[in-house]
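See below for the structure under consideration.
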Amino acid sequence: TENNQQNYRFLLLNGPNLNLLGQREPDVYGSATLAHIESELRHKAEALGVTLDCRQSNAEHELINWIHEAATSNVDFILINPAAYTHTSIALRDALAGTKLPFIEVHLSNIHTRESFRRHSYLAELAVGVICGLGAQGYELALQAAVAQLQQRANT
Ligand SMILES: O=C(O)[C@]1(O)C[C@H](CCCOc2ccccc2)[C@@H](O)[C@H](O)C1
């Protein structure tokens, strides 16, 4: 691999309705489909020498179960776009808090320039960081930042 990573393992989770990306509201969420975004990110992961498992669900309990599983299957870092559960789900927050796994919260849109109910995230204060408003590139930036974080941690 280019940067001889310790082969870090990433889990990408996308929440409800993101399966519709590219089909509706392209002005808000862009025209790229989720499949395209995941494919691009997998290529990025390969170039970085890390592995990436991409999942999407409209079901809160599925996302929660995947987070539980991540904690016991040597996932190193989670990238998550919780979609609307960002603003509603204490259950999702509790799942992430329970794993102690580092995660970055990603939003395609700038949640701070939209409806007021989108400005609060139940997850953000637990996150390593939050990226929003940068469209699909936000996922790539999150992956790059997470790899750098893991490397720094390994070198300390
Ligand atoms: O900006 C984001 O990525 C969001 O997480 C997307 C969520 C919505 C995902 C819905 O995605 C759709 C995409 C295309 C068509 C319909 C919905 C929204 O509830 C958050 O406030 C911000």
Side-chain angles (χ1 to χ4, degrees), residues 8-48 50-71 73 75-150:
Y8 295 124
R9 292 167 46 91
F10 286 82
L11 173 62
L12 172 68
L13 297 178
N14 277 291
N17 298 300
L18 286 165
N19 53 301
L20 298 177
L21 274 182
Q23 298 159 44
R24 284 173 27 207
E25 300 189 77
D27 50 315
V28 180
Y29 299 115
S31 56
T33 64
L34 184 60
H36 178 75
I37 290 172
E38 291 177 343
S39 169
E40 289 294 292
L41 205 62
R42 265 195 289 274
H43 288 127
K44 193 94 194 166
E46 268 168 51
L48 289 166
V50 302
T51 57
L52 176 71
D53 181 10
C54 300
R55 306 208 188 143
Q56 185 276 333
S57 177
N58 298 331
E60 189 179 34
H61 72 276
E62 270 194 347
L63 294 163
I64 287 169
N65 289 341
W66 287 336
I67 290 165
H68 293 166
E69 287 161 22
S73 57
V75 167
D76 296 299
F77 214 104
I78 294 175
L79 306 179
I80 181 167
N81 183 340
Y85 293 149
T86 306
H87 319 298
T88 65
S89 179
I90 295 172
L92 201 55
R93 175 202 173 101
D94 290 344
L96 284 163
T99 65
K100 301 273 182 284
L101 284 175
F103 71 93
I104 292 175
E105 179 180 330
V106 180
H107 298 287
L108 295 155
S109 66
N110 184 339
I111 57 175
H112 301 292
T113 62
R114 301 180 65 196
E115 304 94 328
S116 60
F117 63 78
R118 299 188 197 276
R119 307 196 68 164
H120 175 261
S121 163
Y122 279 107
L123 309 180
E125 64 185 337
L126 301 179
V128 167
V130 181
I131 296 177
C132 67
L134 302 179
Q137 197 185 13
Y139 290 104
E140 292 187 21
L141 295 169
L143 181 62
Q144 279 169 349
V147 170
Q149 294 262 335
L150 288 168

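We count ligands from 1, going down the list as the structure has it; atoms in each ligand are counted the same way. Residues take their numbers from the sequence shown, with the count starting at 1. Side-chain atoms are counted along with the backbone in the values below, which use heavy atoms only and exclude waters and symmetry mates.
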Strictly distance-based, threshold 3.5 Å: is any side-chain N or O of H120 a donor or acceptor partner for the main-chain N or O of H87?
no
Between Y29 and N17, does any side-chain donor sit less than 3.5 Å from a side-chain acceptor?
no
Under 3.5 Å, is there a donor-acceptor pair between the side chain of N110 and the main chain of C132?
no
Going by ring-ring contact (aromatic ring centres under 6.0 Å, His included), name the residues that satisfy it together with F103, two or more places apart in sequence or in a different chain.
none
Taking atom types as modelled and ignoring hydrogens, do the side chains of T86 and E105 form a donor-acceptor contact shorter than 3.5 angstrom?
no
Show the short N or O contacts, below 3.5 Å, that ligand 1 makes with protein N or O atoms; if there are none, say 'none'.
{"residue": "ligand 1", "atom": "1 (O)", "partner": "L108", "partner atom": "N", "Å": "3.3"}
{"residue": "ligand 1", "atom": "1 (O)", "partner": "S109", "partner atom": "N", "Å": "2.8"}
{"residue": "ligand 1", "atom": "1 (O)", "partner": "S109", "partner atom": "OG", "Å": "2.6"}
{"residue": "ligand 1", "atom": "3 (O)", "partner": "N81", "partner atom": "ND2", "Å": "2.8"}
{"residue": "ligand 1", "atom": "3 (O)", "partner": "L108", "partner atom": "N", "Å": "2.8"}
{"residue": "ligand 1", "atom": "5 (O)", "partner": "N81", "partner atom": "OD1", "Å": "2.8"}
{"residue": "ligand 1", "atom": "5 (O)", "partner": "H107", "partner atom": "ND1", "Å": "2.9"}
{"residue": "ligand 1", "atom": "19 (O)", "partner": "A84", "partner atom": "N", "Å": "3.4"}
{"residue": "ligand 1", "atom": "19 (O)", "partner": "R118", "partner atom": "NH1", "Å": "3.0"}
{"residue": "ligand 1", "atom": "21 (O)", "partner": "H87", "partner atom": "NE2", "Å": "2.7"}
{"residue": "ligand 1", "atom": "21 (O)", "partner": "R118", "partner atom": "NH1", "Å": "2.9"}

Main chain of N58, side chain of Y85: is a donor-acceptor contact present, judged purely on distance under 3.5 Å?
yes
